[in-house]
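Taking it in order: structure first as structure tokens, then the write-up.
Atoms within each ligand, like the ligands themselves, are counted from 1 in listed order. None of these values were measured; they are calculated from a predicted model.
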Amino acid sequence: MTEAMSLIVDGEVERSLKLAAHDLRSYPGQVAMGDIEPRKAGQVAVKLQDVLVACGMKQTATHLGLHGTRDDFHASIPLEPVIDRGLIIFEQDGASLAVEAGGPFRFYIPNHAACQMDEIDECANVKFLDRIELTAGRGFDNRPQDEDEHERLHRRQAEGE
Ligand SMILES: Nc1nc2c(c(=O)[nH]1)N[C@H]1C(S)=C(S)[C@@H](COP(=O)(O)O)O[C@H]1N2
Ligand SMILES: [Mo]
């Protein structure tokens with residue numbers, strides 16, 4: 001499988017972007033993930049907010065489409081609750097974020113709700129993120145709908161690790 005090493009930002013934006021890890025490294029607000037989540041020490045993120053400024057998000061955007069093509073996992077979440085806290089992890093220990101850690105790009109919401117407790121839950125921390133799509137209204141979302149489906153997904157993920 002070819003590795004998606006860039007992150008597309010498109011949809012309700014003034015300028016579509018195709019970002020590489022080194023583009024994100026030049027962003028002003030670099031976040032040390034170890035300060036937020038000790039298990040993620042060594043990982044570095046940028047703020048979603050800075051990406052939205054860079055693409056010139058339109059007023060019409062209401063939702064954030066988070067696409068992980070590698071395993072066909074997609075979430076569409078309301079922008080408002082994550083606009084100030086959403087992060088994009090792109091680096092670990094000076095190298096690109098490994099696939100094992102959900103790289104090369106991973107969406108992350110600090111203090112996320114537990115799985116399936118909210119539209120914005122742990123399940124929305126999309127791994128292998130290769131496209132951020134701003135949409136007017138809710139977009140495509142194939143996160144598990146019920147407990148069984150979710151349980152199966154978690155089991156598959158645990159086996160893959
Ligand atoms: N691309 C992708 N991202 C994903 C998933 C997935 O199956 N594929 N699972 C989600 C779910 S259901 C959860 S609970 C978290 C688990 O993250 P963790 O493996 O880092 O604990 O990742 C989320 N992100
Ligand atoms: Mo989950």
Side-chain angles (χ1 to χ4, degrees), residues 1-11 16-21 23-24 30-49 51-52 55 62-135 138-161:
M1 201 182 298
T2 44
E3 222 59 82
M5 291 304 283
S6 55
L7 175 60
I8 304 280
V9 185
D10 66 1
S16 296
L17 304 176
K18 188 177 179 184
L19 300 167
D23 297 314
L24 298 184
Q30 302 282 305
V31 179
M33 289 301 297
D35 295 345
I36 297 171
E37 158 79 69
R39 279 194 310 138
K40 296 195 185 297
Q43 297 185 7
V44 183
V46 290
K47 298 189 166 108
L48 171 66
Q49 183 88 76
V51 175
L52 299 181
C55 68
T62 62
H63 283 64
L64 194 63
L66 301 163
H67 300 285
T69 307
R70 184 187 168 92
D71 66 347
D72 194 27
F73 189 86
H74 310 267
S76 175
I77 61 175
L79 255 173
E80 198 271 327
V82 295
I83 199 158
D84 291 329
R85 60 186 178 123
L87 299 173
I88 295 150
I89 310 172
F90 68 96
E91 188 178 298
Q92 172 141 35
D93 303 319
S96 53
L97 187 69
V99 167
E100 293 70 33
F105 302 98
R106 179 175 197 179
F107 189 68
Y108 189 80
I109 310 151
N111 306 316
H112 49 74
C115 294
Q116 293 191 301
M117 292 311 286
D118 194 282
E119 262 184 304
I120 296 157
D121 60 7
E122 188 176 3
C123 313
N125 287 336
V126 176
K127 307 175 197 184
F128 330 124
L129 180 70
D130 55 7
R131 181 175 172 217
I132 296 177
E133 180 192 16
L134 281 302
T135 60
R138 194 165 191 256
F140 184 64
D141 191 316
N142 66 357
R143 280 178 293 171
Q145 296 287 324
D146 60 52
E147 259 178 57
D148 283 357
E149 201 190 330
H150 186 248
E151 174 66 35
R152 278 196 299 276
L153 173 63
H154 275 220
R155 217 178 300 131
R156 272 205 307 279
Q157 290 186 116
E159 282 160 6
E161 274 159 16

Inset, instruction - Indicate yes or no: does Arg155 engage Glu159 in a salt bridge with an N to O separation below 4.0 Å. - result: no
Inset, instruction - Kindly identify the option in Glu149, Arg156, His154 whose heavy atom sits closest to atom 14 (S) of ligand 1. - result: His154
Legend entry - Contact partition for Leu129 relative to ligand 1, non-hydrogen atoms under 4.0 Å: neither
Inset, instruction - Specify side chain, backbone, both or neither for Glu100, according to which of its non-hydrogen atoms lie closer than 4.0 Å to ligand 1. - result: neither
Inset, instruction - Establish, from distance only, whether the side-chain atoms of Tyr108 and Gln43 form a donor-acceptor pair under 3.5 Å. - result: no
Inset, instruction - Flag Asp71 as yes when one of its N or O atoms lies below 3.5 Å from any N or O atom of ligand 1, and as no otherwise. - result: yes
Legend entry - Contact check: Gln157 vs ligand 1, nitrogen or oxygen atoms, below 3.5 angstrom: yes
Legend entry - Atoms in ligand 1 flagged as close to Phe128, the criterion being non-hydrogen separation under 4.0 Å: 1 (N)
Inset, instruction - Would you mind reporting whether Leu19 and Phe105 have side-chain heavy atoms less than 4.5 Å apart? - result: no
Inset, instruction - Using heavy-atom distances, let me know which of Ala75, Cys123, Ala124, Ala101 sits nearest atom 10 (C) of ligand 1. - result: Cys123
Inset, instruction - Inspect the surroundings of CG in Asp146 and state if more than 12 heavy atoms from other residues, nucleotides or ligands are less than 6.0 Å away. - result: yes
Inset, instruction - Please tell me if the side chains of Val9 and Leu134 come closer than 4.5 Å, counting only heavy atoms from C-beta onward. - result: yes
Legend entry - Selection from Lys40, Arg106, Arg39 by shortest heavy-atom distance to atom 17 (O) of ligand 1: Arg106
Legend entry - Side-chain (Arg143) to main-chain (Glu119) donor-acceptor, under 3.5 angstrom: yes
Legend entry - More than 12 heavy atoms from other groups under 6.0 Å of NZ on Lys40: yes
Inset, instruction - Considering the heavy atoms of Val126, write down every atom of ligand 1 situated less than 4.0 Å from one of them. - result: 3 (N), 24 (N)
Legend entry - Under 4.0 Å to a heavy atom of Glu122 - the qualifying atoms of ligand 1, by number: 13 (C), 14 (S), 15 (C), 21 (O), 23 (C)
Legend entry - Within-4.5 Å side-chain heavy-atom neighbours: Phe107 and Leu48: yes
Inset, instruction - Give a yes/no on ligand 1: does Arg143 have at least one heavy atom closer than 4.0 angstrom to it? - result: no
